[in-house]
Amino acid sequence: DEEIERELREEVLLRTLWIDPASVRIAVREGEVTLEGDVAQKADAELLEHFATRVPGVVSVRSDLTWSLESPEPPASDPHVPAPPRSR
């Protein structure tokens with residue numbers, strides 16, 4: 001359990017997602033991970049939960065994370081900019 005928590009803090013939060021480990025509380029008991037805290041975007045919460053499931057020894061993940069921003073939508077195309085030509 002201690003090794004799982006260390007890997008989540010150091011490898012997933014800090015090195016992979018660049019999230020301040022102090023912003024997320026991680027509890028691990030018999031391979032069951034609970035994530036609590038606030039991250040910047042919904043996508044960060046989703047990625048953290050996904051990566052946590054991939055850590056060896058993790059049997060389940062419960063996420064109670066909150067976020068400040070929804071994941072950004074891709075920009076709408078500008079009707080004034082012509083579409084690139086289609087190849088035949």
Side-chain angles (χ1 to χ4, degrees):
D1 289 350
E2 290 174 9
E3 180 61 25
I4 291 171
E5 183 179 348
R6 185 205 63 74
E7 186 161 342
L8 286 169
R9 288 196 183 287
E10 294 178 13
E11 299 300 324
V12 176
L13 284 172
L14 192 58
R15 291 194 178 106
T16 302
L17 298 175
W18 296 5
I19 295 173
D20 178 6
S23 66
V24 177
R25 290 177 301 285
I26 300 171
V28 184
R29 183 172 177 184
E30 297 179 8
E32 296 177 355
V33 175
T34 301
L35 304 169
E36 298 176 329
D38 187 51
V39 294
Q41 295 185 35
K42 181 179 179 182
D44 294 333
E46 292 170 343
L47 284 170
L48 177 51
E49 185 175 356
H50 172 75
F51 285 132
T53 64
R54 310 288 290 165
V55 172
V58 171
V59 295
S60 67
V61 177
R62 187 180 98 217
S63 176
D64 293 324
L65 294 168
T66 58
W67 50 88
S68 308
L69 302 170
E70 288 294 320
S71 299
E73 293 293 321
S77 61
D78 186 339
H80 302 291
V81 176
R86 292 185 179 185
S87 59
R88 294 181 180 192

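Positions are given from 1 along the sequence. Computed over heavy atoms, backbone and side chain alike; hydrogens, waters and symmetry mates excluded.
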Using a strict 4.0 Å threshold on nitrogen-to-oxygen distance, state whether E2 and R6 make a salt bridge.
no
Quick one: closest heavy-atom pair of E10 and L14, and the distance?
O-CB, 3.5 Å
Going from CG on D38 to CG on D64, what distance comes out if it is rounded to the nearest 0.5 angstrom?
12.5 Å
Any sub-3.5 Å donor-acceptor pair from T66's side-chain atoms to G37's backbone N or O?
yes
How far does CD of E5 sit from CZ of R29, to the nearest 0.5 angstrom?
14.5 Å
Donor-acceptor contact present, side-chain R9 to main-chain P21, <3.5 Å:
yes
If we check side chain to side chain contact (heavy atoms under 4.5 Å, CB included) with E32, which of these qualifies: I4, D1, V59?
V59
When you compare the side chain of P56 with that of E7, does any pair of heavy atoms fall below 4.5 Å?
yes
Which of V39, D20, L8, L48 passes side chain to side chain contact (heavy atoms under 4.5 Å, CB included) with L13? It is L48
When rounded to the nearest 0.5 angstrom, what is the spacing between CG in L17 and NE2 in H50?
10.5 Å
side-chain contact (heavy atoms from CB on, under 4.5 Å) evaluation trace for V24 with L65:
CA-CA 8 Å; V24 177; L65 294 168; 4.1 Å; yes
Is the shortest heavy-atom distance from the side chain of I26 to the side chain of L35 under 4.5 Å?
yes
